[in-house]
Number of protein chains: 2
Amino acid sequence: MTLKAVARELNVSTATISNAFNRPDQLSASLRDHILLECKRLGYHGPNAAARSLRTGATGIVGVMLAERLSYNFRDSCATEFLQGVSEVLDDARANLLLMPGRDEFYHEQSMESIPDRYIVYGPPRDLSVLNRLVRQHKPVVTVDFTLENHLSLNVDNYGGARKAADHVFSQTRGDVVVIGLRLTKSDDVGRIDSSELFDASMSISRQRLEAYRDSALAHNYTLGDDRVWNTHESTWADGVKAAREALAMNPRPTAMLCMSDQLALAALSVARDMGLSVPEDVRIVGFDDIPEARQMHPTITTVYQPSIEKGRLAAMMVLNPERYESRVLPTHLQVRETG
Amino acid sequence: MTLKAVARELNVSTATISNAFNRPDQLSASLRDHILLECKRLGYHGPNAAARSLRTGATGIVGVMLAERLSYNFRDSCATEFLQGVSEVLDDARANLLLMPGRDEFYHEQSMESIPDRYIVYGPPRDLSVLNRLVRQHKPVVTVDFTLENHLSLNVDNYGGARKAADHVFSQTRGDVVVIGLRLTKSDDVGRIDSSELFDASMSISRQRLEAYRDSALAHNYTLGDDRVWNTHESTWADGVKAAREALAMNPRPTAMLCMSDQLALAALSVARDMGLSVPEDVRIVGFDDIPEARQMHPTITTVYQPSIEKGRLAAMMVLNPERYESRVLPTHLQVRETG
DNA sequence: TTGAAAGCGCTACCAT
DNA sequence: ATGGTAGCGCTTTCAA
């Protein structure tokens, strides 16, 4: 069933059918009602979205570009909460949600970026080429957790949160402190970092957190050298366990671990207990994000709260009405609980 | 940048550019390489997806139709795990994922269903009209957690799992057993059910679970009447708390609760503890799904395992290659832990 | 191996 | 208030 077929069936022009759906003021109410009723009877449910979009350039679809592959985001509580916030607002706005990976290899010779009307870019895409293609569409874009010149952005106060966490840790411990970092470099491996390979601070929230940890260390007469900072590629149990094992094998054993996500902190906690260590007596563990599990675990995790759901809601509202908003930085705060 | 513009720029026909992207065998390798290189230079990243789809009817997008609004699915661990499985497979297949709500009101006069090439329908859509529109597209469809005539479906053994859970409970307790159900009727309210309003068993996994509970009760000389079955609208903390409060206020107090999701069981557990009850001594609590939290909480939740991630993977594989698969029912099994 | 041209389904302009 | 029609960007047949 196409618009043309309906027009023929009802003996009116295609323009009239189109108007019945898109511009009610262009025809009499009675004709419009008649047409809409007949369309229902004939099984025509409104203009084909692809064809309409070709003509108008609009689909009502909001693209959410993720930093990595799609599946990663459903494993990460933080990302899931963010998407929850986004989808709440899109639901109300009657917009659909297209998820797009941030890796170039996923776009084999098709310009999928033409489908959505607007974009939320959640974290710096792994391949910047993908971002460039997107920007060239001249559609509303909101970047989240990083900034892009001439575009609206939404960030949280990573430096402030991390600083508070580190200040708290350094004021409580006399021993060695280590960092379990997240995506600080391009490396896929888990291991100590090499500062020369760090991502740029403007593009990497992890880098911002690291700076805060280091500044705090300095303020407490301690140095957080490369030999005390581990990198992980994903905020997963596996990566966290690997890094924590290496870190806790250091001699002398660290007395505190600053983890860049709660997921990593949870893994570190498990490793510490397997080694027979008491938390926080033998080793303090502090996370980041404040995912629900941080509150539910025993012991509960000391961490930095960031408003993930709210971030999603706001990102969606910003991209739907860019003219009404300005770039923002949302606050974070320290949640002292049992592990630190 | 359009294909036409590129063609003009390079002094070849539009057909040749199109072939360079879609049918490499139709032109010389050298010309193709030249064209692809020039396209990159000119910032043309391949054919516009909307236009191509208008012509070919294919977009490389897989639609996942959800039973309800989008946001609900990001709050539900089960749904999130399912989507994780789906997206793993779609990642590998280089397909994109369009999330679509299952409520009619979200499709205001636009036939969005023309965009995806294939559909996974996760749970019976709240409004069947949406499903009908979808089916009329004659695209591959896989239904999950319900069946649809002439279409591939993927289910789990709800009856079997629920039966094992109930048999376990009835063999352990002499007192009153209540059910905290999930979407057993259309009602948005939390409260006791009226059996005459129950959904049809073929469309409702909850109904299947209820039948299993009731059959098990009968086998143990007990009757699970309407006054012992609560309905909730969403598998959320709030709904669970409300239902559990009412149920535990019964006189005599129930000694076991069969909950249709772990989320509801978690809420019931919290209510029981707030009332000063010991679990499982005073009241046994059994869930369904086996979400990660069920293992992590203290006490750990006795529940029925269903393979949510695997269900997602399989649904995606089925919809990508419908001819290679048949409808299936995946097994479930009882996980006895501390609460029951 | 390459090119010309029709047409996918629709909307927006301009006529009437 | 309604209709005629060009053209959005592309693919595909057919002809050269």
Side-chain angles (χ1 to χ4, degrees), chain A residues 1-36 38-39 42-60 109-115 117 133 136-139, chain B residues 1-36 38-39 42-60 109-115 117 133 136-139:
Chain A
M1 256 305 152
T2 67
L3 185 146
K4 206 160 140 191
V6 174
R8 200 168 37 225
E9 191 81 19
L10 304 189
N11 270 314
V12 295
S13 83
T14 59
T16 303
I17 306 286
S18 174
N19 284 334
F21 281 97
N22 303 312
R23 313 174 70 178
D25 53 308
Q26 296 294 300
L27 39 55
S28 62
S30 64
L31 178 57
R32 175 160 192 261
D33 288 347
H34 170 68
I35 289 179
L36 259 28
E38 286 294 302
C39 284
L42 295 168
Y44 179 75
H45 303 293
N48 175 300
R52 159 187 274 184
S53 110
L54 187 55
R55 189 61 236 246
T56 63
T59 52
E109 337 245 270
Q110 156 145 226
S111 114
M112 189 62 76
E113 59 269 20
S114 58
I115 300 258
D117 297 335
R133 293 163 60 154
R136 238 179 253 145
Q137 303 273 316
H138 298 290
K139 295 171 175 173
Chain B
M1 256 305 153
T2 67
L3 185 146
K4 205 158 139 192
V6 174
R8 201 168 35 225
E9 191 81 19
L10 302 189
N11 272 314
V12 294
S13 83
T14 58
T16 304
I17 307 286
S18 174
N19 284 333
F21 281 97
N22 304 312
R23 311 173 72 181
D25 52 309
Q26 297 294 300
L27 36 56
S28 61
S30 65
L31 178 58
R32 176 161 191 260
D33 288 346
H34 170 69
I35 289 179
L36 258 27
E38 285 295 300
C39 284
L42 294 168
Y44 179 75
H45 303 294
N48 175 300
R52 159 185 273 186
S53 111
L54 187 54
R55 188 62 232 250
T56 63
T59 52
E109 338 245 88
Q110 154 143 229
S111 111
M112 189 62 76
E113 58 270 21
S114 58
I115 299 259
D117 297 334
R133 291 164 60 156
R136 236 178 256 143
Q137 302 272 319
H138 299 290
K139 294 171 178 173

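Order of the sequence lines sets the chain letters (A, B, ...), proteins ahead of strands, with each chain counted from 1. Predicted model only: the values in this text are computed from it and were never measured. Worth knowing before you read on, the calculation uses all heavy atoms, side chains too, and leaves out hydrogens, waters and symmetry mates.
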Output the rounded distance in Å from CD1 (I17(B)) to P (dT2(C)). 11 Å

Nearest-nucleotide wise, let me know which of N22(A) and Q26(B) is further upstream toward the 5' end of DNA chain C. Q26(B)

Can you see which heavy atom on I115(B) is nearest to which on A50(A), and at what distance? CD1-N, 4.2 Å

Taken to the nearest whole Å, CG/D25(A) to P/dA12(C) is 12 Å

So what does T14(A) touch, heavy atoms closer than 4.0 Å: a base, only the sugar-phosphate, or nothing? base

What verdict does the side-chain contact (heavy atoms from CB on, under 4.5 Å) test give for M1(A) and V6(A), after you've listed the backbone C-alpha separation in whole Å, the side-chain angles of each residue and the deciding distance to 0.1 Å? CA-CA 7 Å; M1(A) 256 305 152; V6(A) 174; 3.9 Å; yes

Mind checking which nucleotides bracket the chain A contacts on DNA chain D, 5' to 3', with an atom under 4.0 Å from a heavy atom? dA1(D) to dG9(D)

Checking R133(A) now: which residues fulfil salt bridge (charged side-chain N to carboxylate O under 4.0 Å, His left out) with it, not counting sequence neighbours? D104(A), E113(A)

Side chains of N48(B) and T2(B), heavy atoms from C-beta outward: is any pair under 4.5 Å? no

Can you tell me the distance, in whole Å, between the CZ atom of F21(A) and the P atom of dT11(C)? 9 Å

Smallest separation among heavy atoms of D117(A) and A58(A), with atom names: OD1-CA, 3.1 Å

Phosphate oxygens OP1/OP2 of dT2(C): is one of them under 4.0 Å from a side-chain N or O of S28(B)? yes

What's the CG-C1' distance between L31(B) and dG3(C), to the nearest Å? 12 Å

Rounded to the nearest Å, what distance is computed from the CZ atom of residue R23(A) to the C1' atom of nucleotide dA12(C)? 7 Å

Within-4.5 Å side-chain heavy-atom neighbours: N22(A) and T56(A): no

Taking only N/O atoms, report every protein-nucleotides 7-9 of chain C pair under 3.5 Å with atom names and distance.
| from | atom 1 | to | atom 2 | distance (Å) |
| --- | --- | --- | --- | --- |
| dG7(C) | N2 | R55(B) | NH1 | 3.1 |
| dG9(C) | N2 | A51(A) | O | 3.4 |

If you look at every heavy atom in P47(B) and F21(B), which pair is closest and at what distance? CD-CG, 3.9 Å

Nearest heavy-atom pair of T14(B) and K4(B): which atoms, and what distance? CG2-CA, 3.9 Å

